[in-house]
Amino acid sequence: MNGGGQRALIGGPRRGKARLSLKKDPVGDDSPTVLLMERLLLQGEPYALLSASSGMEAVRAALAQQPDLILMDVVMPGMDGFEACRILRSDEATRTTPIILVTTKASLEHVERGYESGCSDYVTKPFNGNELRAKIENFLGR
């Protein structure tokens, strides 16, 4: 863990080049409105940001950086969040890392698939900001 606080990996489809930074706004999504809401929600929190634009990129970043928490969309190019979650759960380095799937996929079938893939929690968009923040803080022991 670096001196900048806890690390969160945010995985979701993102237009343009993916970035890896030490910003304090762990945000990643393909919707500019949701990005802005998440940034405002977590503004001022002591998180370092690792972002990924695809499921495979999220898996690689998580295995290399071993974040304290992963927020990940289900709908991503190449590999979806369910498969990425299964892969992360099968690796010793990320087996116990909290994974919160944040997605528009709200059907019971999708929620069940999320938990079967190994996610720690499942949040549907549009999400309640206070609820998401509480979930993040709960998993990080704050």
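- Scanning both residues, Ala62 and Ile70, for their nearest heavy atoms gives CB-CD1, 4.0 Å.
- Side-chain N or O atoms of Arg95 include none that pairs as donor or acceptor with a backbone N or O of Leu88 at under 3.5 Å.
- The shortest non-hydrogen separation linking Ala93 to Gln66 is CB-NE2, 3.5 Å.
- Using a 4.5 Å cut-off on side-chain heavy atoms (C-beta onward), Met79 and Ile87 make contact.
- Take Glu109 and apply the side-chain hydrogen bond (donor to acceptor under 3.5 Å, both in side chains) test, not counting sequence neighbours, and it matches no residue.
- Closest approach of Ser117 to Leu101, counting heavy atoms only: OG-CD1, 4.4 Å.
- Residues passing the side chain to side chain contact (heavy atoms under 4.5 Å, CB included) test with Asp121, sequence neighbours excluded: Ile100, Tyr115, Lys135, Phe139.
- For Asp73 against Val75, the heavy-atom pair with the smallest separation is OD1-N, 3.4 Å.
- A donor-acceptor pair shorter than 3.5 Å cannot be found between the side chains of Arg113 and Ser107.
- With values rounded to the nearest 0.5 angstrom, Glu137 atom CD is found 9.5 Å from Asn130 atom CG.
- Within the 3.5 Å criterion, the main-chain N or O of Thr97 finds a donor-acceptor partner in the side chain of Arg89.
- Note that the CE atom of Met76 and the OG1 atom of Thr103 stand 9.5 Å from one another [nearest 0.5 Å].
- The two residues Tyr122 and His110 make their nearest non-hydrogen contact at OH-CB, 3.4 Å.
- Val59 is not listed as a side-chain neighbour of Glu83, based on a closest heavy-atom distance of 4.5 Å or more.
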* Should Ile99 and Thr94 be marked as a side-chain contact (heavy atoms from CB on, under 4.5 Å) after you check the CA-CA gap, both sets of side-chain angles, and the distance that decides it? -> CA-CA 9 Å; Ile99 299 172; Thr94 53; over 6 Å; no
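- For Lys105, there are no salt bridge (charged side-chain N to carboxylate O under 4.0 Å, His left out) partners two or more places apart in sequence or in a different chain.
- The two atoms that bring Met72 and Cys85 nearest to each other are CE-N, 4.1 Å, heavy atoms only.
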